[in-house]
Amino acid sequence: MAVLKWIGLGLLGLVVLVVAGAGIAVAVFDWNDARGFIARQASKALNREVAIDGDLKVKLGDPIIIHVEGLRVANTDWSDEKTMAELKVLDAKLRLWPLLRGDYEFPEIRLSAPKLVLEKNKDGEPNWNFGGPDARKEVAKDTVKPEDRGDIPIIESLLVEDGRLRYRDPTSEIDIDSGLSTAVGGNGDEQVKLDGKGNFAGKPFTLLAEGGSLQYLRDNPKPYPLKVQTAVGKTKGKIEGSIAEPVKLEGVDLSVELSGDDLADVFPILGIPTPKTRPYSLAGHLGREGQVWRFDGMKGKVGESDLSGTVAVDLGGERPKITGDLTSKRLAAVDMAGFVGASPEGKGHYPTKGSDRILPATAIPTEKLRTADMDVKFRGERVEAPFSPLDDIDAHIRLENGKLTADPLALGVGGGRIAGTTVLDGSQKVPTLRSNLEVRQVKLAQLFRETSFAKEMGGTAAGRIQLTGKGSTVADILASADGKLGVAVDGGRITSLAVKGLKTNILETLGVVLSGDKPLPFNCMVADLAVENGVVKSNALVLDTPETVVTADGTINLKNEALGLRVLGRAKKPQVFATHVPVNVRGTLGDPDIGVEAGESAARGAAAVALGVLLTPLASVLPFLDPGSDEQPHCGQLINNARSPAKSNNNAGSSGNGGKQPSGKSQ
């Protein structure tokens, strides 16, 4: 809307300038000799050089007929473009008697090859601020911005041929270079029509606008009808409705439809920072109250997810402030990939550090984060993930001067919650990330409730993730990260389908016993990991089954995504076929390589003695994973056994004896 307003006001400004000069020319009767005088007076008024390079002809009568060639208005000093406005030919008819009382009424205006450059510099100063340094704001207000509809000159018919509009705003990454092939209008039922095409921020741009006649715009007290269709690249918009006071932009009542391939493409257009998405289609009602634009009743889809709610943009502050309350009844988890720097289209559609990497190397758009503030609440009532539907998601996102905070950030998973706070601070040159998330009462059976092997899964998971990192991309942040990751899954079972993908001899090597297609039961599975400068180190990785305790140690290097883990199974009682040869996990996160460590056997010490070393850290970690609760009875028993290895040896591993479960079990 602002662009359309400036097109009209800019053209009207040119017309008024010429008419003022024509009035002076009438007094001296030598039209071409008056060009210099007119230009000097106009230059003095605008504090810009104004020139008339071609003929100036005026034919007195009613109407007065004006013909001007080669009109130029210089641009401001800081612009790369020397000329702000120029016009090859102006032909206008001006009624005499209204002019005598100070009113401008044009039966007809024809503009040939007009060029108008509207722009702002990096500090946000516009080139349409005229006059001296002490009077720029007032002069600009009087010269360019009418107060109401009655201040607009009456133009009964307007024709623009081969026009060009340039609008640039580096603070919002906007750069429009558009031609205006036609702009015609008249009295009564005739309409104003604008038909433009060009480039917007490097993408093809088209505009087709229709409104009431120019006289209707000025004199009719009824709301001004408007219809606009525009496209920037593959982003398309349609606006239809009316504006009660089009000059003041009051009483805005417009229906809006917006669609495209990626919501991130709207940033150069609207200045709203959004992540990458799949194709979208949104519709709603656009209104305005003071400096606040509201998009109410929004409904539509983003990828496979529905989206509804309200978004408002307040333009009255230092930066635009975006507020919103959004809901998705069916949210596809893949549509949220853009929030972590990945692509909803999957691997290969986002940058990584190499062809064999999977961590997103998408640059964090710190400049975009600083262009607007935000306070948006979002709720997803049902989250469809690739492996299983999740319960819900609830997030309150605040952005202030480049600092993005998600608090709370909560995800319903398997009847439990993953909840906490994540802060991405983009106020500095290199952004930092701080995340503190807690995992509570996630039940595997419920998590996989809509899969074919739901009945074969069990156990309750709890844990915590605490990470801090710094870097210009997601991969860089993880490569520099420090923190802790811990999770414990108590008293459960794993479907045989999940372990059949592993080599059978590897499972036998570890002493893990499979019973045909029956699930693999376990008493406790624990991961206690420390992260130091991007390297994940295992304090303890333990899987306690009825027959065997499987442990692992090693590292995961997030700098190069390399895996370096060594896995070993220790029997709680003698096993006939188990060789207890270590298994190595090498390769990368995207392409792991699992193989037996050739030519080496592990010492056959008692499992509980080994656990006395491995699980010592877990005595303090378990309360950290699940503070103040008894949700981990099996894992707690495993740690107690590790503290008293002699007693545990006598009991042959009580935590897994025959698969018996202590009281307080949670499946």
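What you see is a predicted model, and the numbers here were worked out from it, not measured in a lab. Just the heavy atoms: all of them, side chains too, but no hydrogens, waters or symmetry mates, feed the values below.
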Can you give me every donor-acceptor pair (side chain of residues 49-59, partner residue at least two apart or in another chain, under 3.5 Å) with its distance?
from	atom 1	to	atom 2	distance (Å)
Asp53	OD1	Arg72	NH2	3.2
Asp53	OD2	Arg72	NE	2.6
Asp53	OD2	Arg72	NH2	3.4

Arg35 side chain to Asn32 backbone, donor-acceptor under 3.5 Å
yes
Does Glu304 come within less than 4.0 Å of Arg278, counting only side-chain N to carboxylate O?
yes
Residues which pass salt bridge (Lys or Arg N to Asp or Glu O under 4.0 Å) with Asp261, listed by chain and number, not counting sequence neighbours
Lys234
Quick one: CE on Met374 to CZ on Arg398, what's the gap to the nearest 0.5 Å?
12.5 Å
On a heavy-atom basis, the closest approach of Leu87 and Ser112 is CD1-O, 3.6 Å
Whether Ser43 side chain and Arg48 backbone form a donor-acceptor pair below 3.5 Å:
yes
Considering all heavy atoms, the nearest Phe205-Ile176 contact
CE2-CG2, 4.1 Å
Which atom pair, heavy atoms only, marks the closest approach of Phe378 to Leu307?
CE1-CD1, 3.9 Å
Donor-acceptor pair between Asp91 and His67 side chains, under 3.5 angstrom
yes
Test salt bridge (Lys or Arg N to Asp or Glu O under 4.0 Å) on Asp265 and Lys203; report intermediate values, then the result.
CA-CA 10 Å; Asp265 292 340; Lys203 296 183 178 180; 3.4 Å; yes
Flag the pair Arg164 and Asp177 as a salt bridge only when some basic side-chain nitrogen lies within less than 4.0 angstrom of an acidic carboxylate oxygen.
yes
Among Lys321, Arg319, Lys403, salt bridge (charged side-chain N to carboxylate O under 4.0 Å, His left out) partner for Asp373:
Arg319
Considering residues at least two apart in sequence or located in another chain, which fulfil the side-chain contact (heavy atoms from CB on, under 4.5 Å) criterion with Ser427?
Asp425
State, without any angle test, whether Glu381 and Ser328 hold a side-chain donor-acceptor pair at a distance under 3.5 Å.
no
Indicate yes or no: does Glu161 engage Arg110 in a salt bridge with an N to O separation below 4.0 Å.
yes
State plainly whether the residues Asp262 and Lys276 are in salt-bridge range, i.e. N to O under 4.0 Å.
yes
How far apart are the C-alpha atoms of Ile243 and Leu226, what are their side-chain angles, what is the distance that settles it, and do they pass the side chain to side chain contact (heavy atoms under 4.5 Å, CB included) test?
CA-CA 8 Å; Ile243 305 177; Leu226 184 66; 4.3 Å; yes
Applying side chain to side chain contact (heavy atoms under 4.5 Å, CB included), run through Leu118 and Trp128 and close with a yes or a no.
CA-CA 7 Å; Leu118 301 173; Trp128 55 87; 3.9 Å; yes
Going by salt bridge (Lys or Arg N to Asp or Glu O under 4.0 Å), name the residues that satisfy it together with Arg40, two or more places apart in sequence or in a different chain.
none
Given side chains that start at C-beta, do those of Val311 and Thr323 come closer than 4.5 Å, heavy atoms only?
no
Are the charged groups of Glu81 and Arg166 less than 4.0 angstrom apart, N to O?
yes
Set of side-chain contact (heavy atoms from CB on, under 4.5 Å) partners for Lys227, sequence neighbours left out
Glu210, Glu240
Gln428: partners by side-chain contact (heavy atoms from CB on, under 4.5 Å), with sequence neighbours left out:
none
With a 4.0 Å cut-off on N to O distance, would you call Glu105 and Arg95 a salt bridge?
yes
Show your reasoning for whether side chain to side chain contact (heavy atoms under 4.5 Å, CB included) applies to Thr473 and Thr362.
CA-CA 5 Å; Thr473 70; Thr362 307; 5.9 Å; no
Determine the minimum heavy-atom distance between Asp62 and Trp97, stating which atoms define it.
OD2-CD1, 3.3 Å
